[in-house]
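Everything below concerns the one structure shown next.
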Amino acid sequence: SDWCGWCKLMDGKVFSTAEWADYAKDNLVLLYIDFPRGKQQSQELKAQNAKLSEQYGVGGFPTYIILDAQGKQIGQLGASQDATAPDFIDQVKDVLIVQDLEKLLSAEDLAAYKAAEAELADLEKKVEAWQAKMMQEAQAMQTLFDAANTKLDALKAKAREAAKAK
């Protein structure tokens, strides 16, 4: 988008390169959905874009959604300050290869992959719960800090008043 620094960075470092153009031409069907601020869009287009953004859980810009041939989301990528076309192509390939795991891995390796995937999902839930707990604790600490600071400010004000009286 015209206002998005990360979008511009990815355009400059990845999407404007011949390497990306060659890979995308041979392997992908690209759809560009824009949320500009300096360019006019019809209300219909804005509504369509908003619906797609909600449908695919876009939380920030840029977001790169990867769909399979049936239109099912199989991956989502974001920007990187250190992005290069080869690195981004590898990320896309990593998302796409997951579709073929049953063909590419032995039964044992596939079971290990699925176990690792389940472990990762469990760890993500634990991290989210921990983060929520830490946020609550931080808010409680902030409340205590603010109360102590208010008390200290009041005592300093008393000391200033006493100093003026002398």
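All values below come from the heavy atoms of this structure, side chains included, with hydrogens, waters and symmetry mates left out. This one's a predicted model, so the numbers in the text were calculated from it and none came from an experiment. If you read the sequence from its start, that first residue is 1, and numbering goes on from there.
Minimum interatomic distance between A50 and F35 (heavy atoms only, all atoms of both residues): N-CE2, 4.1 Å. When every heavy atom of S1 is checked against every heavy atom of P36, the shortest pair comes out as OG-N, 3.4 Å. Q76 and G57 get closest at one heavy-atom pair: NE2-O, 4.0 Å. The two residues A85 and T17 make their nearest non-hydrogen contact at CB-OG1, 3.3 Å. Annotation for D82 and K13: closest pair CA-NZ, 4.3 Å, computed over non-hydrogen atoms.
A distance of 10.5 Å separates CD of Q131 from CD of E124, quoted to the nearest 0.5 Å. How far CG of D2 is from NZ of K8: 6.5 Å, rounded to the nearest 0.5 Å. For the atom pair L155 CG and R160 CZ, the distance stands at 10.5 Å (nearest 0.5 Å). Annotation: the span from Q43 atom CD to Q48 atom CD amounts to 13.0 Å, rounded to 0.5 Å. The CD atom of Q55 sits 9.5 Å away from the CD1 atom of I65 when rounded to the nearest 0.5 Å. The CG atom of L105 lies 10.0 Å from the NZ atom of K114; values are rounded to the nearest 0.5 Å.
Taking Ile, Leu, Val, Met, Phe, Trp and Tyr as hydrophobic and joining them when side-chain heavy atoms fall under 4.5 Å apart, one finds L77 in a cluster with W6, L9, M10, V14, F15, W20, Y23, L28, L30, Y64, I66, I74, F88, I89, V92, V95, L96.
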Please walk me through it: do T150 and D153 pass side-chain hydrogen bond (donor to acceptor under 3.5 Å, both in side chains)?
CA-CA 5 Å; T150 299; D153 287 345; 5.6 Å; no
For the pair Q142 and D146, evaluate side-chain hydrogen bond (donor to acceptor under 3.5 Å, both in side chains) and give the outcome as yes or no after the intermediate values.
CA-CA 6 Å; Q142 185 65 50; D146 291 345; 2.8 Å; yes
Before giving the answer on ring-ring contact (aromatic ring centres under 6.0 Å, His included), spell out for W3 and F61 the whole-Å C-alpha distance, their side-chain angles and the decisive distance to 0.1 Å.
CA-CA 10 Å; W3 55 270; F61 296 96; 5.6 Å; yes
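Around CE of M135, the count of heavy atoms belonging to other residues, nucleotides or ligands within 6.0 Å does not exceed 12. Environment of CD in E54: sparse, with no more than 12 heavy atoms of neighbouring residues, nucleotides or ligands closer than 6.0 Å. The 12-atom threshold is not exceeded at CD1 of I97, counting heavy atoms of other residues, nucleotides or ligands nearer than 6.0 Å.
Q91 contributes no side-chain N or O that, together with a main-chain N or O of G78, makes up a donor-acceptor pair within less than 3.5 Å. The closest donor-acceptor contact from the side chain of D68 to the backbone of G71 lies under 3.5 Å. The closest donor-acceptor contact from the side chain of T143 to the backbone of Q139 lies under 3.5 Å.
Tracing side-chain contacts under 4.5 Å through hydrophobic residues (I, L, V, M, F, W, Y), one never reaches V98 starting from L67; they form parts of separate clusters. By the criterion of side-chain heavy atoms lying less than 4.5 angstrom apart, applied directly or through intervening Ile, Leu, Val, Met, Phe, Trp or Tyr residues, L120 is not grouped with Y113; the two fall into different hydrophobic clusters.
Two residues are said to be in side-chain contact when any heavy atoms from C-beta on lie closer than 4.5 Å; L144 and M141 meet this criterion. Side-chain atoms of D34 and K39, non-hydrogen and from C-beta on, do get closer than 4.5 Å to each other.
Side-chain atoms of S16 and D11 form no donor-acceptor pair, as typed in the model, at a separation below 3.5 Å.
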